[in-house]
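To keep things clear, I will list the structure first and then write my remarks on it.
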Amino acid sequence: MKFLITGGAGFIGSAMIRFLINQTNHCVLNIDKLTYAGNLNSLSDVVHSPRYQFSATDICNHTALTNLFNEFKPNIVMHFAAETHVDRSIDTPSIFIETNIVGTYTLLEVIRNYCQQLSYVDQQNFRFHHISTDEVYGDLLPTMSPCTEQSAYSPSSPYSASKASADHLVRAWFRTYDIPVVISHCTNNFGPYQHPEKLIPLTILNALNNKPIPVYGNGKQVRDWLYVTDHVDALYTVANSGRIGETYHISGYNEYQNIEVIHTICDILSEIKSENYTNLITYTTDRQGHDFRYALDASKIESELNWKPKESFHSALYKTITWYLNNQQWINSLAHK
């Protein structure tokens with residue numbers, strides 16, 4: 001089959017492409033605008049595959065997208081392309097509106113026109129997989145149960161509001177135009193090739209470079225952590241076997257306070273390097289509108305599609321830290337972005 005991946009030079013998108021090229025026989029077209037978060041070095045081990053193609057294209061460009069669809073003729077579209085960093089959305093929300101909302105709308109319209117040209121059989125086999133986030137549901141109190149696929153949306157930041165808007169567009173195009181869609185929401189991802197603006201790689205790299213490790217507020221905000229390879233496995237399952245029109249939650253079942261995650265990283269690094277890193281921890285002013293806790297109930301994907309994460313948090317975190325220790329060349333490539 002042919003997979004069209006938007007945002008395939010980003011963290012999760014590139015992991016998806018590495019999986020498709022290295023572990024399946026599918027063909028891949030990677031569409032990425034190559035903003036600061038897109039890094040083609042994350043795809044260095046698949047770039048020479050005859051089953052891989054890349055196009056530096058903005059998903060807001062209707063004409064360019066249309067041409068790519070008509071040339072490549074995808075069977076499955078997986079939509080990763082998005083601005084994702086909450087801090088950046090607070091500083092410059094317009095970029096998030098443009099990419100996450102206008103970009104998703106443009107992609108949906110291109111897909112609507114593309115599907116009309118397909119044969120009946122190809123229409124039945126086509127699907128659009130929209131990748132979303134747990135942040136659209138807003139935050140939870142410690143005593144509240146994890147969100148289900150029926151939970152109400154309550155986004156807090158410009159980022160989560162833009163992703164919620166994109167989700168609504170996807171569902172509207174499914175209801176109104178019969179576009180065959182599936183949607184998935186995930187908890188916080190981590191793993192190799194993640195941009196160091198995110199908590200786990202930021203903590204690792206700041207520790208290794210003897211820089212302050214910043215902690216927002218009291219650091220007791222809770223996140224559910226999902227190893228990126230587990231996420232990719234779940235996404236492939238949803239894209240191929242998920243029921244059309246349905247939403248699936250993907251969770252790591254690893255709820256930890258941010259400060260607990262930071263201390264665990266420091267402890268693992270201390271074991272490896274025999275140095276103390278906790279003295280670098282520095283408390284800073286809390287983020288505006290900072291959500292306290294996110295959590296997703298992933299019982300639906302487990303019962304319907306027989307998926308659950310394989311990695312424990314500590315085993316995956318150890319693998320992640322080891323990867324950053326051993327991949328200085330990739331880290332150096334970020335300096336040129």
Side-chain angles (χ1 to χ4, degrees), residues 5 7-24 28 30 32 36-46 78 80-82 84-86 131-135 184-208 213 223-239 249-256 258 260-262 264-269 272 294 296 298 301 307-334 337:
I5 309 292
F11 170 47
I12 305 173
S14 65
M16 189 76 239
I17 291 175
R18 291 193 301 273
F19 169 83
L20 289 170
I21 296 299
N22 292 330
Q23 299 187 45
T24 77
V28 174
N30 173 14
D32 198 295
Y36 78 96
N39 190 343
L40 292 178
N41 290 309
S42 301
L43 295 162
S44 58
D45 62 339
V46 303
M78 300 184 76
F80 294 90
T84 64
H85 194 48
V86 174
I131 289 86
S132 189
T133 172
D134 55 3
E135 297 195 33
S184 61
H185 297 258
C186 67
T187 55
N188 275 37
N189 276 226
F190 71 102
Y193 299 100
Q194 189 172 29
H195 194 281
E197 68 185 0
K198 303 294 186 176
L199 177 67
I200 287 178
L202 176 66
T203 300
I204 295 168
L205 296 177
N206 278 24
L208 293 175
I213 299 171
R223 300 293 182 262
D224 182 348
W225 295 94
L226 172 66
Y227 193 48
V228 68
T229 57
D230 277 332
H231 188 201
V232 163
D233 181 52
L235 291 173
Y236 186 69
T237 301
V238 171
H249 282 176
I250 304 169
S251 167
Y253 292 115
N254 296 307
E255 285 194 49
Y256 291 99
N258 287 343
E260 291 178 311
V261 173
I262 291 170
T264 302
I265 293 170
C266 290
D267 291 344
I268 294 173
L269 281 172
I272 297 172
Y294 303 130
L296 296 180
I301 190 173
W307 178 89
K308 58 183 178 180
K310 298 180 177 68
E311 290 281 353
S312 72
F313 177 69
H314 285 82
S315 67
L317 188 58
Y318 190 90
K319 288 180 179 180
T320 301
I321 291 171
T322 302
W323 186 89
Y324 279 95
L325 284 169
N326 295 331
N327 285 272
Q328 190 62 48
Q329 184 176 355
W330 182 85
I331 296 166
N332 291 340
S333 72
L334 300 176
K337 293 295 290 180

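Note that the numbering runs from 1 along the sequence shown for the chain. Both backbone and side-chain heavy atoms feed into the values below; hydrogens, waters and symmetry mates do not. Nothing here was measured: the structure is a model prediction, and the numbers come from that model.
When all heavy atoms are compared, the tightest approach of Ser184 to Ile250 is CB-CD1, 3.8 Å. Contact detail for Leu202 and Pro196: the closest heavy-atom pair is CB-O, 3.2 Å. When every heavy atom of Glu135 is checked against every heavy atom of Val86, the shortest pair comes out as OE1-CG2, 3.5 Å. Across every non-hydrogen atom of Tyr256 and Trp225, the tightest pair is O-NE1, 4.2 Å. Between Gly252 and Thr187, the shortest heavy-atom contact is N-OG1, 3.6 Å. In terms of heavy-atom proximity, Val228 sits nearest to Ala15 at CG2-CB, 3.8 Å.
Taking NZ of Lys308 as the reference point, atom OG of Ser251 lies at 13.0 Å (rounded to 0.5 Å). Rounded to the nearest 0.5 angstrom, Ile204 CD1 and Ile262 CD1 are separated by 11.0 Å. Note that OG1 of Thr322 and NZ of Lys319 are 10.0 Å apart. Values are rounded to the nearest 0.5 Å. The structure places CG of Asn189 at 4.5 Å from CG of Leu226, a figure rounded to the nearest 0.5 Å. The CG atom of Leu208 sits 7.5 Å away from the CD1 atom of Ile331 when rounded to the nearest 0.5 Å. With rounding to the nearest 0.5 angstrom, the CD atom of Glu260 is 9.0 Å from the CZ atom of Phe313.
Stacking of Arg18 on the aromatic ring of Tyr193 is recorded, both the 6.0 Å distance cut-off and the 45° axial limit being met.
In this structure, the side chain of Asp32 engages the main chain of Ala9 through a donor-acceptor pair within 3.5 Å. At least one donor-acceptor pair under 3.5 Å links the side chain of Tyr253 to the backbone N or O of Ala298. Panel note: side chain Asp224, backbone Asn254; a donor-acceptor pair is recorded below 3.5 Å. Without hydrogens or angle criteria, Asn327 side chain to Trp323 main chain gives a donor-acceptor distance under 3.5 Å. A donor-acceptor pair under 3.5 Å links the side-chain atoms of Asp230 to the main chain of Glu311, judged by distance alone. At distances below 3.5 Å, not a single donor-acceptor pair connects side-chain atoms of Asn41 with backbone N or O atoms of Trp330. Side chain of Asn22 to backbone of Leu20: no donor-acceptor contact under 3.5 angstrom is found. The main-chain N or O of Ala37 is never found under 3.5 Å from a side-chain atom of Glu197 such that the two would form a donor-acceptor pair.
The shortest side-chain heavy-atom distance between Val238 and Trp307 does not fall under the 4.5 Å cut-off. Side-chain contact check for Leu317 versus Ile265: some heavy-atom pair is nearer than 4.5 Å. Between Ile213 and Cys266, the closest side-chain pair of non-hydrogen atoms falls below 4.5 Å. Side-chain contact between Ile200 and Tyr324 is absent, with no heavy atoms from C-beta onward closer than 4.5 Å. Residues Asp134 and His185 fail the side-chain proximity criterion, which asks for heavy atoms closer than 4.5 Å. The shortest distance between side-chain heavy atoms of Val261 and Thr203 does not fall below 4.5 Å. Here the side chains of Asp233 and Lys310 are in contact, with some heavy-atom distance below 4.5 Å. Side-chain contact between Phe11 and His195 is absent, with no heavy-atom pair separated by less than 4.5 Å.
Qualifying ring pair (Phe, Tyr, Trp, His ring centres under 6.0 Å) partners for Phe80, counting only residues two or more places apart in sequence or in other chains: none. With sequence neighbours left out, Phe19 forms a ring pair (Phe, Tyr, Trp, His ring centres under 6.0 Å) with Tyr236.
Note on ring orientation: taking the six-membered ring where Trp is involved, the planes of Tyr227 and Phe190 are tilted (angle from 30° to 60°).
Results of the side-chain contact (heavy atoms from CB on, under 4.5 Å) test with Ile12 over Thr84, Leu235, Ile131 single out Leu235 as the only residue that passes.
The environment of Gln328 atom CD is dense: over 12 non-hydrogen atoms of other residues, nucleotides or ligands sit within 6.0 angstrom.
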